[in-house]
Amino acid sequence: MKDIRFSEESMALVQRMMKRYPEGKHKSALIPILHIAQAEFDGWLSPEVMNYVASVMNIQSIEVYEVASFYSMFNLKPVGKCLIEVCRTSSCWLLGAEDVIRHLEKKLNIKVGETSSDGMFTLKSVECLGSCGTAPMLQVGADYYENLNLEKVDALVSRLKSEGKRKTYTDLPEPRTL
Amino acid sequence: MGKKLLLKDDHIAGIQSYDVYRKNGGYASVEKAVKTMTTEAVVEEVKKSGLRGRGGAGFPTGMKWSFLAKPPGIARYLVCNADESEPGTFKDRYLMERIPHLLIEGMITSSYALGANTSYIYIRGEYYYVARILEKAIDEAYANGWLGKNILGSEYSLDLYVQIGAGAYICGEETALLESLEGKRGNPRIKPPFPAVAGLYGCPTVVNNVETIAAVVPIVNDGGDEYAKIGIGKSTGTKLISASGHINKPGVYEIDLGVPVEEFIFSDKYCGGIRGGKKFKAVVAGGSSVPILPADLILKTAKGEPRLMSYESLADGGFATGTMLGSGGFIVMDEDTSIVKNLWNFTRFYHHESCGQCSPCREGTGWMEKILHRILDGHGTMSDIDLLWDIQGKIEGKTICPLGDAAAWPVAAAIRHFRSEFEEYIKNPKSIKDVKHYYRLNNLQSA
Amino acid sequence: MAKVTIDGHMIEVPDGTTILQAARMIGGDVVPPAMCYYSKLKTSGGYCRTCLVKVTKGSEKDPRPMPKPVASCRTPVMDGMEVQNKTAPDLLEARAGVVEFLLINHPLDCPICDQAGECSLQDLAYEHGLSRTRYEFSRRTFQKIDIGEKIKLHMTRCILCYRCVKVAEQITDGRVHGVLNRGDVSEISTYISQAVDNDFSGNMIDVCPVGALTDRTFRFKSRVWNVNPVDAHRDCPTCSGRVMLWMKGAEVFRVTARKDEYAEVLDTPDGKPGWICNTCRFDKKETKDWIVDGPSKIDRHSVISQNHYVLQEPAHKPLLNAVQAVPTSWQLENKK
């Protein structure tokens, strides 16, 4: 098994994060640090990773489990390289989110919540992502894909497949230009 | 359309960058406040402006600010609520993405007014890329002396941080947000004490929505009286409306409060009418939590007066015939929309987002979703409608935080205004599959 | 000091007293039921919503009624506050609603539950619940797990009162269990199988209002009303050693802390909560380990008191100050 240890760069960031808060309140950094950990350790938080975060932050492991299991962005089970999160709420639903989900299920040959056999994709339906004016939409890593139709979905899946890279929330190069 | 205050510069190329923002008059409110105004004077301008919280509750901001306890020697905090998660609402994302410096400027001016030396912008985790935009803007603000020690050579110092969430609607509730910011589960706190007395780390804290903070900029620049001239009655100023659903022109619109709803939906300046020439069926006017209204009641009040986009006019008639402005998440539905299935979609949302702390919400939201699912499966009974009505009544007002109300109101309103649709589904289950929207492919096949 | 009137009974209490505490000082019918509040545990209460009351007058200064029912366990009294509990039919209906919510996912397995007979949820359902359920869907279930050698966690029965979490936080060192997940799939768990191992962990059993945490050394040994509780003590180096022995003949079936009428542990004579250690609770099951003080006081309404024992003094006796009943308006009118 891979040694669980932050890269030097991440560790420096983690240490800086914990200093952003008043004395004794460094637990505030837990959620940002879990994001970093999830990105670094294969897109999910194994018990070992959470124990490691607890030891780095000098808090009880249960405090990490409690928080990690509360928030929907933290994956407590392994996920594919690309976690496709389709918004299913409200305006996205009104404008065809169910079609997008059904299409992806067929295309990837998995159901919502499952990971494709090649380990490339995990499909998830999520609640409102705040992109209702450009519905329907989905998110992969930090990127929003909006005003979808089935062709756009196909093109996206092909592109992600050919890139073959893991997508995470934190791997943003520069803020995107508009 | 009146004058834009928040989005006036959103068409300018490069407005995300500090240089362009500054060239277009950015950071003037910080200069004015820090150099020429006392903290009390800034609070006074906000009071005069009549600005009301833009997150949904509509509480007067100036009053909220004046409640802030100021015990000597204890830190005070300003926390910006950028956890925009109310279905149908995307204005804060638009504002932060397009004009990040406007929020940073508002945060500095507001923090100065409140005497906060450390402030946080709590942003939902899914907006990770927006957080990066804000962080970049904050770096620029530090580099140019708007943040850090002794801002503009004054006594005033401020540190500003972006804090990222991780996927929980409940963290939009201010005390859940504070818990989350402390690195805990987003469980709303039991009040009292209120954040104004004991908020972040037990210190006095003000939590304000993104749009509220941004509005402080024009209020300080032009004066509260000038701001209060815009709008109608106690609904002063401009409001960002997130328009979505079956309309021709979805998007974020900055309106003067008081624009007629009819004009907002049908005018080409705004939503541009219903898509595909369909008939207009219903509107959820202020984000998924507020009561849905059928076309006739959203266009005109029960008294027959034109309904306006304002806090008071939308609420006219109470919940019997009215609704709320809420967060300004304006969701329009055409004639093909199944109100029952839409309600199930909303109820599933609240079920998924309940934190699970208090029993009525934890147990009641899931129960309502299951009953709606049963009706949509063709196995509903007439007594299910009454049961839904009874359950929502037993959740409303009995919970720790407003999520219980937010889950109950849509159920009550859908039954109140569209009971016949529920009855039709129950009497004639075959009709459910005939509802076009149920399995309609939304022309997604080809562009 | 603040004067508060609850269901027509007035009492003067120290500032900062909660409505529930004030009601307990009055005693009797005016006391709202509480499933999650536990006076000996800081920050407990507010979650279950069974103790909701109606505040018809906020205070002398600001007489406006409160717009919604409030959790009496977490709301401090104000001078001149007027509160309705039993006397407000709409409030009782709201409470019945809360009880229904607590029961829809409860397994109702009282016939095989060790807690039956001393279960707060059972009492609550008996007083406020419906005789039938309107919930027709499958109920939430969890696997039973052992958290440590001596404690069984039966999560399916849990009502998420958070008391056991607060015990672990406040009277043991190093909490290893907590509330995981959210919404209606929240659960009490250690996440990865881990023993809750601490000298005082057994107190989680005593604070659990339902049969979610039970004593494995007593599991299925006897119904609680078939064992006789007696007060006993021993010289214990870890805790006060003041316990209740649950006996059948000369045999000790289980050991618990001594409890008051609200099922909370009694204070020791030096005024500290009488939590007991695991050695006293699990390992001292012989009569020779204990010095018996006499029969325990049991509420006369309790099923446990059916055959025996000293009756508890009526709960109506006020603990603080004189209580005077305030005449209702019709009584005043009749007087004229």
Side-chain angles (χ1 to χ4, degrees), chain A residues 20-22 24-32 34-35 57 59 63 66-74 85 88-96 98-100 103 126-136 139 141-144 148-153 169-170 172 174-178, chain B residues 16 75 84-90 92-93 97-98 118 124-129 132-133 136 161 163-169 180-186 201 242-246 250-252 284 288 329 331 333 337 342 345-346 349 352-353 355 437 439-447:
Chain A
R20 300 204 312 191
Y21 310 94
K25 305 294 181 194
H26 69 281
K27 195 187 166 187
S28 277
L30 178 54
I31 290 169
L34 284 175
H35 277 299
M57 293 188 71
I59 57 178
E63 298 179 71
E66 283 180 325
V67 167
S69 64
F70 185 89
Y71 295 94
S72 57
M73 283 171 75
F74 294 132
E85 300 179 287
R88 67 183 189 187
T89 325
S90 191
S91 305
C92 279
W93 172 75
L94 285 173
L95 294 168
E98 287 187 349
D99 302 341
V100 172
H103 182 72
V126 297
E127 300 295 356
C128 186
L129 290 175
S131 187
C132 324
T134 43
Q139 183 170 27
D143 294 320
Y144 274 35
L148 292 176
N149 57 39
L150 302 187
E151 279 149 8
K152 282 192 192 173
V153 172
Y169 289 99
T170 53
L172 285 166
E174 273 292 292
R176 69 178 192 187
T177 44
L178 295 155
Chain B
Q16 292 84 3
E84 183 175 56
S85 312
E86 176 82 5
T89 315
F90 48 100
D92 294 341
R93 178 170 76 100
E97 189 176 332
R98 297 290 172 122
T118 308
R124 63 181 298 190
E126 293 89 340
Y127 288 180
Y128 219 105
Y129 78 91
R132 286 290 165 90
I133 294 172
K136 188 165 175 250
Y161 301 103
Q163 174 85 4
I164 196 98
Y169 167 73
S180 183
L181 182 41
E182 291 182 6
K184 301 178 199 156
R185 296 161 63 83
Y201 309 128
S242 319
S244 68
H246 300 134
V252 176
V284 174
S288 61
I331 311 166
M333 296 168 198
T337 310
N342 179 70
N345 187 278
F346 282 180
F349 171 82
H352 185 260
E353 298 301 334
C355 81
H437 194 83
Y439 283 135
R440 184 173 73 177
L441 288 174
N442 279 268
N443 300 322
L444 291 181
Q445 293 292 18
S446 57

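Treat the numbers as computed from the prediction; the structure is a model and nothing was measured. Chain naming here is simple, since letters A, B, ... match the order of the sequence lines and numbering starts at 1 in each. All values below come from the heavy atoms of this structure, side chains included, with hydrogens, waters and symmetry mates left out.
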#### Entry: Contact summary for A/Y71 and B/S180, nearest pair of heavy atoms
OH-OG, 2.9 Å
### Query
What pair of heavy atoms forms the shortest contact from A/G130 to B/Y127, and how long is it?
CA-OH, 3.4 Å
### Task
Count the heavy-atom pairs under 4.5 Å between each of B/E84, B/H352, B/E353 and chain A, then report the option with the highest count.
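Among the listed options, the one with the most contacts to chain A is B/H352.
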### Pick from B/S85, B/G167, B/S244, B/A166 with the largest number of heavy-atom pairs that fall under 4.5 Å of chain A
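Highest number of pairs under 4.5 Å: B/A166.
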Pairwise side-chain contact, [X] with [Y], heavy-atom cut-off 4.5 Å (strictly under):
X: B/I331; Y: A/S90; result: yes
X: B/E182; Y: A/K25; result: no
X: B/H246; Y: A/L95; result: yes
X: B/R93; Y: A/Y144; result: yes
X: A/D143; Y: B/Y129; result: no

### Task
With a 4.5 angstrom heavy-atom cut-off, could you sort out which part of A/Q139 is near chain B: side chain, backbone, both or neither?
side chain
### Query
What distance separates B/Y169 OH from A/C128 SG, expressed to the nearest 0.5 Å?
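These two atoms lie 10.0 Å from each other.
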### Message
Just verifying a value: how many Å separate A/K27 NZ and B/K184 NZ, rounded to the nearest 0.5 Å?
### Response
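A/K27 NZ to B/K184 NZ: 6.5 Å, rounded to 0.5 Å.
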### Query
Under 3.5 Å, is there a donor-acceptor pair linking the side chains of A/Y21 and B/Q163?
yes
### Query
Taking the side chain from A/H35 and the backbone from B/G165, do they hold a donor-acceptor pair closer than 3.5 Å?
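Yes, the answer is positive, given that a donor and an acceptor are paired below the 3.5 Å cut-off.
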Tell me, side chain or backbone of [X] under 4.5 Å from chain A's heavy atoms, or both, or neither?
X: B/F349; value: both
X: B/T118; value: neither
X: B/T89; value: backbone

